[in-house]
4 protein chains.
Amino acid sequence: MSAGQQESQKVPRTERGRKTLRKLLDAAASEFGEHGFHEASISSITRRAGVALGSFYTYFDSKDAIFRALVQDMSEAVKVAARDAIEPDMRPLELERAALAGFLEFAAEHKEIYRIIDEAEFVDPRSYRDHYETIAERIRDRLRSGAEHGDFRDDIGEVEAWALMGMNVFLGLRYAIWRREGDPGSAEVAASANALLARGVAN
Amino acid sequence: MSAGQQESQKVPRTERGRKTLRKLLDAAASEFGEHGFHEASISSITRRAGVALGSFYTYFDSKDAIFRALVQDMSEAVKVAARDAIEPDMRPLELERAALAGFLEFAAEHKEIYRIIDEAEFVDPRSYRDHYETIAERIRDRLRSGAEHGDFRDDIGEVEAWALMGMNVFLGLRYAIWRREGDPGSAEVAASANALLARGVAN
Amino acid sequence: MSAGQQESQKVPRTERGRKTLRKLLDAAASEFGEHGFHEASISSITRRAGVALGSFYTYFDSKDAIFRALVQDMSEAVKVAARDAIEPDMRPLELERAALAGFLEFAAEHKEIYRIIDEAEFVDPRSYRDHYETIAERIRDRLRSGAEHGDFRDDIGEVEAWALMGMNVFLGLRYAIWRREGDPGSAEVAASANALLARGVAN
Amino acid sequence: MSAGQQESQKVPRTERGRKTLRKLLDAAASEFGEHGFHEASISSITRRAGVALGSFYTYFDSKDAIFRALVQDMSEAVKVAARDAIEPDMRPLELERAALAGFLEFAAEHKEIYRIIDEAEFVDPRSYRDHYETIAERIRDRLRSGAEHGDFRDDIGEVEAWALMGMNVFLGLRYAIWRREGDPGSAEVAASANALLARGVAN
DNA sequence: GATGAATGAGGATTCATTCAT
DNA sequence: TATGAATGAATCCTCATTCAT
C-alpha cells in the first residue's frame, strides 16, 4: 500500500526519511483504525511509530493530511484487491462474483478500512464521495459491458450499479468485519449474492 | 420522533420541562447533522434550542448521552417510515418496493439521519451495530414470509437480507442525500431496485 | 446539637419549617463530614434531607452559611462534651483527665467534627481561629485556676494551654478518628496524657 | 526543597524543562498556600510561573498531581528542618527542644505549609495520614532512645509521641502562623514546651 | 532530519443560586 | 413554604501545531 502523494505530504529525500514516512503511515492506519480520526492523536501515532512528536510535521502538514493520504491508500487498495481477484476472460457474472469474493477476503484482513473510509464522511467528505462515485462508475461500466455481451439486461444502469455496490459493502460489513462463528465463507457469500444478482429472489 | 428514554436522560416532570427537552433534541439533530458529533458543541446546541448552556445538563448527562438518544430516535423513525409506507395486504415483492420508496422519501426529508447513524459507528458502536442488525432481521423475516407465500425462492436467508439492506441504504445515499438534477424519483428508483430484486440482471 | 443562629440563616415560623431545617442541618453534617466542603453539593444535601433543592434557600443564604452554622454547632458541642465530662469538685489535674476522656469519647462518636472544623480553615478562617482561640483561653483559665489552687506551677500560661490543646487534638485524631484494633481506650489514653501533663517524661 | 517524583509527574529531559518544572512547583506552593487547593486555579499557577497554561500538563497530569507532589515536598522539608536543627550529641531532652525550635523557625518562614498539609486531609487523605504517622514514629523512636539512655521514663510510647507532636504542631500554629506582637520567640516557646515535656505542670 | 518542550484556543462539565409556579 | 427547572460563570484538561536546539 503506497501513500497517495499530495502537496500536504512532503517527499523524503533520504532512505532514512522514507523509512520514517512508512512507519508513520503504518502507525496511522492502526491508530485511526482502532480509535477513529477524532480519538486518534498525533502523539499516539508518533509513539507507535517510534519517532519524536515533532518529526510528524516533517512529513505531513496536519492530522487531516495524513488521514487523507490514508484514505487514498485504502481506496486504491480496495480497487486493486477487486481487480486482482478477476481474470480478463471471465464472463460478466462470474466476474462480479470473483470481485466480491476478493473484496470480502481483503476486508477480512484489513478490518480498519471500513472505519477509515466511513470516517472520511466526516473528516474529508470530498474523498468519501469520490471513493464511492468512482467505484460506482467502475461497476456501471462492467454492467454495461455485460449488457453489450448480451449477458445482462439492456436497461440496467446507475441505479443497479449503486445497488450492487451497496450489496457488496454491507456483505463485507456483515461477513468480514462482523463475521461470526459458523458464518458462510467468502466464496459462499459471494455465490449467494451472485445468484441474487443474476436471477433475483423471485420464484 | 419521540426521544429514546435511557438512564442517562432525565424525564422532565413539568410541561415546561418537556418542551425544553424537545427543543434540545431537535437542536441536537440539526447540529449533529450539520457538523457531525465531534465538531458539534453543546453550546451550539443550547444556542439553537434557545436555552442556557446549563439547561442541557438538566436533561442529559453528557454529549454522548444526547447523541445516543438521537440515534435511537432516528433508528426508530427509519423503521416507522418504512412500516408506514406499506400496506398489510401487499404482495411480498410489492411490499419491498413500497418500503424502499417510503425510506427514500423519508431520507430525502431527513438528510441528517445518514450522518448521525453513520457517526454512531464511532461514537456509540453498539447502537450502530444494533441498528443494522435489527433492520436486517426485519428484512429477513419479510423475505422468509415471502418464501412461505411461494413468491420468493426457498433458499434465501440472511445473506440476501443484508444484500437487500445494503442496496437500499446505498440507493438512499445516492438518490436522497446526494440527489442530482435529473435523477429518477423515489418511485422510479424503487421500481428499478425492485426489478433487480425480483429477477436480477441476467438476460 | 442546635444550630448557631446568624443573619444568614432564617428562623422558621412553623413546626413544619423547624423540621425541614433540622433535616437540612443533619444532612449537611453527614455530607460535609463525608465529602468535605468543596466536594459536598447543595443538591446532595437536599437529596439526603428529602426536600427539594430550592427549599435549601428558604433556610440558608448560601453554602457557606450552612457550613458556618455547622461549625458553630460542632464547636459548641465539643465544648459541651468536655464540660459535661467534668465535675465541679474535681481537682485541677483530675479535671483535665476527665475533659480529655470526654472529648475522646465524643470524637469517636462524631468523627465528622475533625473534617468539618479542619475545613473551616479554608472555608471560614475566622471561625477556625475563633474555635481554637476560645478553647485555648478556656484551658488557660483552668490551668491558672489550678495554679491558684497550688496544684500547678505558677509560671504556666498561654504556651502551656496551646500545648495541651494540641496534645488533646492529636490524641483525638489518632485514638478516636484513626483508632486501630488493639489501641488503648479513651480512659487509658487520657491517663497517659494526664501523667505526661503532670510530671512530664523525664525520669 | 526537591520535588517528590511520582508516576503522575513527568521527568524533564532537558535543562530548560527542569527549570520550568521548578517554576511550576514554586508557583503552586504560593498559590495553594494563599488560596487553598480548591480556590487555586491552574491558570493562576502558570501565570505566576510565567509559562503557558498548556505547559502545566507537560509536567503534571492534573491539579491533584501537583498538589500531591507539593505535599511530599513540604512533608520532606519539615522533617529536614527538624533534623537540621539538632546535633547528634545532644541529650534527649535538649534534642526535643532544638527540634521544636527549628520547626518553629521553619514554619514562620514557610507559613504555607500549614495550609497545604492541612488541606491534604481533603485532597489526598493518604498523604495526610502518612505525613503524621511518619513523624509520630520518628518522635517515638527518639523518646524510646531517650528512655534507653535513662533520661526518660520507661513506660512512654506512642501516646506520648502523638501528644508531643500535637503540642509542637499547635505551638507552630499559634506562635509561627498566628504570631502576634509581643509573643515569645521560638527559643522561649521551645523552652517552655520543653519544661512541660520534662517535668509536666504539677507543682 | 530529529527531538521534545512550549503554546493557547477550545469545549465539556459542574453547581451555587435564582425564579416562576 | 415547597418545588424543580433555568441560568451562566468558572475551570480543568486536551491536543494540534510551532519552535528552539
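Here is how names work: the chains are called A, B, and so on, in the same order as the sequence lines, proteins then strands, and each is numbered from 1.
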Q: Report the distance from atom CD of A:Glu34 to atom NZ of A:Lys111, rounding to the nearest 0.5 Å.
A: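 Taking CD in A:Glu34 and NZ in A:Lys111, the distance rounds to 13.0 Å.
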
(Q) Quick check for you: to the nearest 0.5 Å, what is the distance between B:Glu121 atom CD and B:Arg129 atom CZ? (A) 11.5 Å

Q: Fit a plane to each ring of C:Phe122 and D:Phe122, take the angle between them on a 0 to 90° scale, and name the class: parallel (under 30°), tilted (30 to 60°) or perpendicular (over 60°).
A: perpendicular

Q.
Is the ring pair A:Phe37/A:Phe32 parallel, tilted or perpendicular, if the boundaries are 30 and 60 degrees?
A.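 Rings of A:Phe37 and A:Phe32: parallel, as their planes differ by under 30°.
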
Q) How would you list, by chain and number, every residue that makes a ring-ring contact (aromatic ring centres under 6.0 Å, His included) with B:Tyr114, sequence neighbours excluded? A)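 B:Tyr114 satisfies ring-ring contact (aromatic ring centres under 6.0 Å, His included) with no residue once adjacent residues are dropped.
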
**Q.** Which residues share a ring-ring contact (aromatic ring centres under 6.0 Å, His included) with D:His38, sequence neighbours left out
**A.** C:His38

Q: Could you tell me whether D:Thr14 contacts a base, only the sugar-phosphate backbone, or nothing, with contacts defined as non-hydrogen atoms closer than 4.0 Å?
A: sugar-phosphate

Q. For DNA chain E, what residues of residues 26-35 of chain D have any heavy atom nearer than 4.0 Å?
A.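 Contacts with DNA chain E under 4.0 Å: none.
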
(Q) Within the 4.5 Å heavy-atom criterion, are D:Ile116 and D:Val71 side-chain neighbours or not? (A) yes

Q.
Distance check needed: F:dC15 P versus A:Ile66 CD1, whole Å only.
A.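 It is 17 Å, rounded to the nearest whole Å.
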
Q: Would you write the dot-bracket representation of DNA chain F, where each base gets (, ), [, ], | or . depending on whether it forms a Watson-Crick or G-U pair under 3.5 Å and with which partner?
A: .||||||||||||||||||||

(Q) Is a donor from one side chain sitting under 3.5 angstrom from an acceptor on the other, for D:Arg47 and D:Ser43? (A)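 Their side chains do contain a donor-acceptor pair, which is all the 3.5 Å distance test asks for.
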
Are any protein N/O atoms closer than 3.5 Å to N/O atoms in nucleotides 12-14 of chain F? If there are, list each pair with its distance.
residue: F:dC12; atom: OP1; partner: D:Ala40; partner atom: O; Å: 3.4
residue: F:dC12; atom: OP1; partner: D:Lys63; partner atom: NZ; Å: 3.4
residue: F:dC12; atom: OP2; partner: D:Ile42; partner atom: N; Å: 3.2
residue: F:dC13; atom: OP2; partner: D:Tyr57; partner atom: OH; Å: 3.1
residue: F:dC13; atom: OP2; partner: D:Lys63; partner atom: N; Å: 3.1

**Q.** Positional range of nucleotides in DNA chain E within the contact set of chain D, heavy-atom, under 4.0 Å
**A.** E:dA5 to E:dA9

**Q.** Within 45° cone of B:Phe60 ring axis and under 6.0 Å: B:Lys10 NZ or CZ
**A.**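 Judged by the rule (NZ or CZ under 6.0 Å from the ring centre, within 45° of its axis), B:Lys10 is not positioned above B:Phe60.
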
